[in-house]
Protein chains: 2
Amino acid sequence: MGVKIDGIDKIIINRLIEDARTPILSIAREVGISGAAIHQRLRKLEVSKLIAGSQLMLDPKVLGYTTTAFVGIFLESASMYASAIKRLKNIPEVVESHYTTGNWAIFIKILCKNNTDLMHLLNHDIQRIKGVARTETFISLDQQINRQIKV
Amino acid sequence: MGVKIDGIDKIIINRLIEDARTPILSIAREVGISGAAIHQRLRKLEVSKLIAGSQLMLDPKVLGYTTTAFVGIFLESASMYASAIKRLKNIPEVVESHYTTGNWAIFIKILCKNNTDLMHLLNHDIQRIKGVARTETFISLDQQINRQIKV
DNA sequence: TTTGAAATGCCACCGGC
DNA sequence: GCCGGTGGCATTTCAAA
């Protein structure tokens, strides 16, 4: 993991984490080097794969997705993992899926419009996936932290 | 929640979710309307708050953060929630925190460099937060889905 | 790694439809 | 809602140090 990052790189990264469309020249003026230099540093950071891309962030609430929930899924056998994931990928409300140690085999994060939709998603979409034995659901009532790891 | 989005808006959004720095004019050429029109649509979507911003995405693995874990936290009493969150905010490895129904009061997502760091984080940083009674940890061995809600 | 300069391309704002 | 035009910037590349 030989990626070395100095203070200027940190400023560049932090400005672009706040707003990925910040003009490079405005960062250049802030740190006091030329735009070309910023540009080359960015390319280096991309080549190193530290920068994985940039994303427009949507607010799910504006689309009506007001409920966030986590669901732990018990599988009948570990061998059903791959096929279960395939099915989960087809459910748009599933925004994260992990294979975890501990209680469950699969652990997912989902967004729903309301509790009726959540119930429908659980009973109709998730519970009916082949291999799914049982689920445990935790509804997020409040999210206080949502950030990236710091450089 | 009166935000109506047509096919062109969807294309704009999806292109910018893939790469937030995509030039507006290249989207304009793709959909066959002028850059000015794309620009106006984007402004409308920003005003509607559907677009919450844009972010540079870092790859935590390149920084050495190879372990993702979820930790359920039991609190001695719900009244310690606010102060516990305050302490969690000071732990950079904590990237998400939720107040959840079900077993735990607080549910967090953390990134660590390895299992030793994870243990240290749990025993030294998290367990010692005032009000934290007990924790349950789930390590993610594999993440197969990571996306935003679709428009 | 940095710089300035140059070519190219983009953005953001109009007035008008 | 969309367009074309425009002036001012931004991006990208290059040779040079």
Side-chain angles (χ1 to χ4, degrees), chain A residues 1-65 147-151, chain B residues 1-65 147-151:
Chain A
M1 303 288 113
V3 54
K4 59 177 198 292
I5 292 172
D6 67 10
I8 292 179
D9 292 323
K10 287 189 189 175
I11 295 174
I12 298 170
I13 289 171
N14 285 325
R15 293 284 263 106
L16 292 173
I17 282 182
E18 280 166 28
D19 178 0
R21 288 186 76 94
T22 309
I24 285 172
L25 282 185
S26 101
I27 302 174
R29 285 188 291 266
E30 179 180 342
V31 304
I33 66 178
S34 74
I38 304 279
H39 186 250
Q40 283 179 355
R41 281 166 176 268
L42 269 175
R43 280 216 342 117
K44 210 183 46 190
L45 292 169
E46 277 160 15
V47 168
S48 80
K49 304 277 189 217
L50 204 213
I51 294 180
S54 63
Q55 284 193 1
L56 193 74
M57 306 305 289
L58 303 185
D59 182 349
K61 286 196 291 296
V62 176
L63 292 170
Y65 291 89
R147 62 191 177 194
Q148 292 195 49
I149 203 75
K150 254 192 66 219
V151 287
Chain B
M1 302 283 111
V3 55
K4 61 177 196 292
I5 292 173
D6 66 10
I8 292 179
D9 291 323
K10 285 188 190 176
I11 295 174
I12 299 171
I13 288 171
N14 285 325
R15 294 282 265 105
L16 292 174
I17 281 182
E18 279 166 30
D19 179 359
R21 289 186 77 93
T22 308
I24 286 171
L25 283 184
S26 101
I27 303 174
R29 285 187 292 265
E30 179 181 341
V31 304
I33 64 177
S34 74
I38 303 281
H39 187 250
Q40 284 173 357
R41 282 166 174 268
L42 268 176
R43 280 217 343 117
K44 209 184 46 191
L45 292 170
E46 276 160 15
V47 168
S48 80
K49 303 279 188 215
L50 205 212
I51 294 180
S54 63
Q55 283 194 1
L56 193 72
M57 306 305 289
L58 303 185
D59 182 350
K61 285 195 291 295
V62 177
L63 292 170
Y65 291 88
R147 63 190 175 194
Q148 293 196 48
I149 203 75
K150 256 192 66 220
V151 286

S.K.: Starting from C1' on D/dC2, measure out to CD1 on B/Ile8 and report it in whole angstrom.
M.R.: 10 Å
S.K.: Rounded to the Å, how far apart are A/Leu25 CG and C/dG4 P?
M.R.: 12 Å
S.K.: Distance check needed: C/dT3 P versus A/Gln40 CD, whole Å only.
M.R.: 10 Å
S.K.: Can you measure A/His39 atom NE2 to C/dT3 atom C1' for me and round it to whole angstrom units?
M.R.: 15 Å
S.K.: Please report the end-to-end axis angle for the helix from C/dT1-D/dA17 to C/dC17-D/dG1, five pairs per end, rounded to 10 degrees.
M.R.: 30°
S.K.: Would you mind telling me which of A/Ile13, A/Asp9, A/Ile17 makes a side chain to side chain contact (heavy atoms under 4.5 Å, CB included) with A/Val151?
M.R.: A/Ile13
S.K.: I need the CD1-P distance between A/Ile24 and D/dT11, as an integer number of Å.
M.R.: 5 Å
S.K.: Between A/Ser34 and B/Thr22, which residue's closest nucleotide on DNA chain C lies nearer the 5′ terminus?
M.R.: A/Ser34
S.K.: How many whole angstroms separate atom CD1 of A/Ile27 from atom P of C/dT2?
M.R.: 14 Å
S.K.: Does A/Gly35 offer a backbone N or O that forms a donor-acceptor pair with the side chain of A/Arg29 under 3.5 Å?
M.R.: no
S.K.: Can you work out whether A/Pro23 or B/Ala37 has the more 5'-proximal nearest nucleotide on DNA chain D?
M.R.: B/Ala37
S.K.: Measure the CG-NZ distance between B/Asn14 and B/Lys150 for me, rounded to the nearest 0.5 Å.
M.R.: 7.5 Å
S.K.: Between B/Arg41 and A/Arg29, which has a closest nucleotide on DNA chain D that is more 5'?
M.R.: B/Arg41
S.K.: How many angstroms lie between CG in A/Leu45 and CD1 in A/Ile51, if you round to the nearest 0.5 Å?
M.R.: 4.5 Å
S.K.: Quick one: pull up NZ in A/Lys44 and CD1 in A/Ile12 and give me the separation to the nearest 0.5 Å.
M.R.: 8.5 Å
S.K.: Using a 4.0 Å heavy-atom cut-off across all strands, classify A/Arg21 as base, sugar-phosphate, or nothing.
M.R.: sugar-phosphate
S.K.: Quick check: does any side chain N or O of B/Arg15 sit under 3.5 Å from a backbone N or O of B/Pro23, one acting as donor and the other as acceptor?
M.R.: no
S.K.: Whole Å only: how far is the CD1 atom of B/Ile38 from the P atom of C/dC13?
M.R.: 16 Å
S.K.: When rounded to the nearest 0.5 angstrom, what is the spacing between CD1 in A/Ile11 and CD1 in A/Ile5?
M.R.: 13.0 Å
S.K.: Given atom CD of A/Glu30 and atom P of D/dA10, what is their separation to the nearest angstrom?
M.R.: 14 Å
